[in-house]
Protein chains: 2
Amino acid sequence: MAAKRSGAESKGSGRGGASGQEPRSEPPLSLERIVATAVDLLDAEGVDGLKMRRLADRLGAGAMSLYWHVGNKEEVFDLALDSVLEYRGPSDIVESRDWRGNVVHMLEDWRASMLRHPWSASLLPRRALGPNILIRLELLSKALSRAGVTDADLNVAIWSLWNFVIGATITRANFDLSDDDRAAAQQRLTGLSQHYPTIERSRLLLDNDWDGAFRKGLDFLLDGLAPRQ
Amino acid sequence: MAAKRSGAESKGSGRGGASGQEPRSEPPLSLERIVATAVDLLDAEGVDGLKMRRLADRLGAGAMSLYWHVGNKEEVFDLALDSVLEYRGPSDIVESRDWRGNVVHMLEDWRASMLRHPWSASLLPRRALGPNILIRLELLSKALSRAGVTDADLNVAIWSLWNFVIGATITRANFDLSDDDRAAAQQRLTGLSQHYPTIERSRLLLDNDWDGAFRKGLDFLLDGLAPRQ
DNA sequence: ACCTGAACACCGTTCAAGT
DNA sequence: ACCTGAACACCGTTCAAGT
């Protein structure tokens, strides 16, 4: 992932090194490098931190060079997003047994991949579906069929799981930023406990076990979709 | 919702009326007017269409007057969002019977409210929870308790429903924009049917019954959360 | 074919003034 | 107390050139 940063000599006159750590003798610009660097930048600075100028800077390229390789900023987002959703499944899907294990594994991996890049979940629903998510949906479809979900219910089941994963991951990725805020919210809730007695008592806003809640909620949903007989 | 637009005389020298329909003798600026107008503008132009200058323009106010009433643009988003999530429940919650009907009604109303303002769903997960969503969560909590969900599972159940609603609504609101794109995607899928045979056969990307899928998926999830015995 | 800086058309926000 | 325009510090993108 990280660039190799070979020690080398500078190109010509200095560029007024404000950043101080600009690598020298860069490999030429390429889509691959641009996408990889965009992911790094997004990880470091979030969605709002991705600016075309800054990206070019990180690449050691002139400010506007990117526009030769990419149509516009949107395209950078699309490419960065898909590059982050790759799935290296558990060996082969031929393993017919334990459809449920396969599904849970893939969905937990999906969520984990997006949480490693907290900008990605929010982006996913508003962009065209790239090949890497299609692979995941296909796996889902196969497994659910095998589990006995009827053809008439198949699409509903897939979208239900999609909704659950997207909703959980977007929520988690965004709440993550505001740990103190959450305490403050629960505090406020306590002050208003006459209005919200039930969620105040269960300490809904303080509940911190995101991974457990995802896993248990997913189990409930799968129970509903394909009841174990 | 819509302003009354009383016919009246202009204030002084013309402002070079580019928009052509600027109302005259506006009521004074107020938080309420700002929020209501922000919602209108968001509905009309989307998240990216809300610019402080444009909002001021719609209010018939000078470009920078808003900053007296609001700290910054973020605050406008927060206020607009909460104003859109109000719930006027079915009479009273005392109706103990039919917890499931109550839940389904509230969640469908929640989704419908957000789809009426397609920018709202994406905003919700990244902002502090306002009073209007807390009311909905409280209702959810009460109903699920009544349905027999144990205290240990209560938070999981609430977040599962949250995830489902958020995921479904964000997805629907965004896919809505691209009806042709979806056909194109399915087309592309058909071309690659050796890679994605199952979702190609079920025509996953063409499935257009969003309301039905939401309702049926919600039923599955509720079955998992509180099995009907 | 690939890269570049200058320039344009925006934005959010600050600030010193106005009434 | 409330409103205002000018000004600042950005940003995405176009374009005419460079090599």
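Since the structure is predicted, the reported quantities are computational estimates derived from the model, not experimental observations. All heavy atoms count here, side chains included; hydrogens, waters and symmetry mates do not. Convention: sequence-line order gives letters A, B, ...; per-chain numbering from 1.
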Tell me the interatomic distance from [X], atom [atom1], to [N], atom [atom2], rounded to whole angstroms.
X       : N      : atom1 : atom2 : value
B:His69 : D:dC2  : NE2   : C1'   : 7 Å
B:Glu75 : C:dG12 : CD    : P     : 15 Å
B:Asp57 : D:dT4  : CG    : P     : 11 Å
B:Asp48 : C:dG12 : CG    : P     : 10 Å
A:Leu59 : C:dC2  : CG    : P     : 16 Å
B:Leu66 : D:dG5  : CG    : P     : 12 Å
A:Glu45 : D:dC11 : CD    : C1'   : 15 Å
A:Arg33 : C:dC3  : CZ    : P     : 10 Å

| query | Which pair of non-hydrogen atoms, one from B:Leu204 and one from A:Leu137, has the smallest distance, and what is that distance? | reply |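 What the structure gives for the nearest pair is CD2-CD1, 4.0 Å.
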Residues that [X] engages under salt bridge (charged side-chain N to carboxylate O under 4.0 Å, His left out), provided they are two or more places apart:
X        : value
B:Asp43  : none
A:Glu86  : A:Arg88
B:Arg54  : B:Glu45
A:Asp209 : none

| Protein-to-nucleotide contact annotation, 5' to 3' order, nucleotides 13-19 of chain D [B base; S sugar-phosphate only; - none; under 4.0 Å, heavy atom] | BB-----
| message | For the residue pair A:Arg111 and A:Phe214, would you count it as a cation-pi contact if the rule is NZ or CZ under 6.0 angstrom from the ring centre and within 45 degrees of the ring axis? | response | yes
| Who pairs with A:Tyr87 by side chain to side chain donor-acceptor pair (under 3.5 Å), at least two apart in sequence or on another chain? |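 Counting only residues at least two positions away or on another chain, A:Tyr87 forms a side chain to side chain donor-acceptor pair (under 3.5 Å) with A:His105.
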| task | Whenever both distances are under 3.5 Å in a Watson-Crick or G-U wobble pair, mark it; put DNA chain D into dot-bracket that way, with [ ] for crossing pairs and | when the partner is on another strand. | result | ||.|||||...|||||.||
| message | Is there a side-chain contact between B:Trp68 and the phosphate of D:dC3, meaning an N or O under 4.0 Å from OP1 or OP2? | response |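 Checking D:dC3 against B:Trp68, no side-chain N or O comes under 4.0 Å of OP1 or OP2.
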| said: Regarding A:Leu50, tell me which of base, sugar-phosphate or nothing describes its non-hydrogen contacts under 4.0 Å with the strands shown. | reply: sugar-phosphate
| For A:Arg215, which residues count as a side-chain contact (heavy atoms from CB on, under 4.5 Å) partner, sequence neighbours excluded? |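 side-chain contact (heavy atoms from CB on, under 4.5 Å) check on A:Arg215 returns A:Val104, A:Glu108, A:Asp219.
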| request: Measure from the side-chain heavy atoms of B:Ala61 and tell me the nearest of D:dT4, D:dC3, C:dC3. | output: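 Looking only at side-chain atoms, B:Ala61 lies closest to D:dT4.
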| message | Using atom P in both nucleotides, what's the gap between D:dA17 and C:dC2 to the nearest angstrom? | response | 22 Å
| How far does the C1' atom of D:dC11 sit from the matching atom of C:dC8, given to the nearest Å? | 12 Å
| said: Taking ring-ring contact (aromatic ring centres under 6.0 Å, His included) as the definition, give me every residue that meets it alongside A:Trp162, ordered by chain and number, with sequence neighbours left out. | reply: A:Trp110, A:Trp159
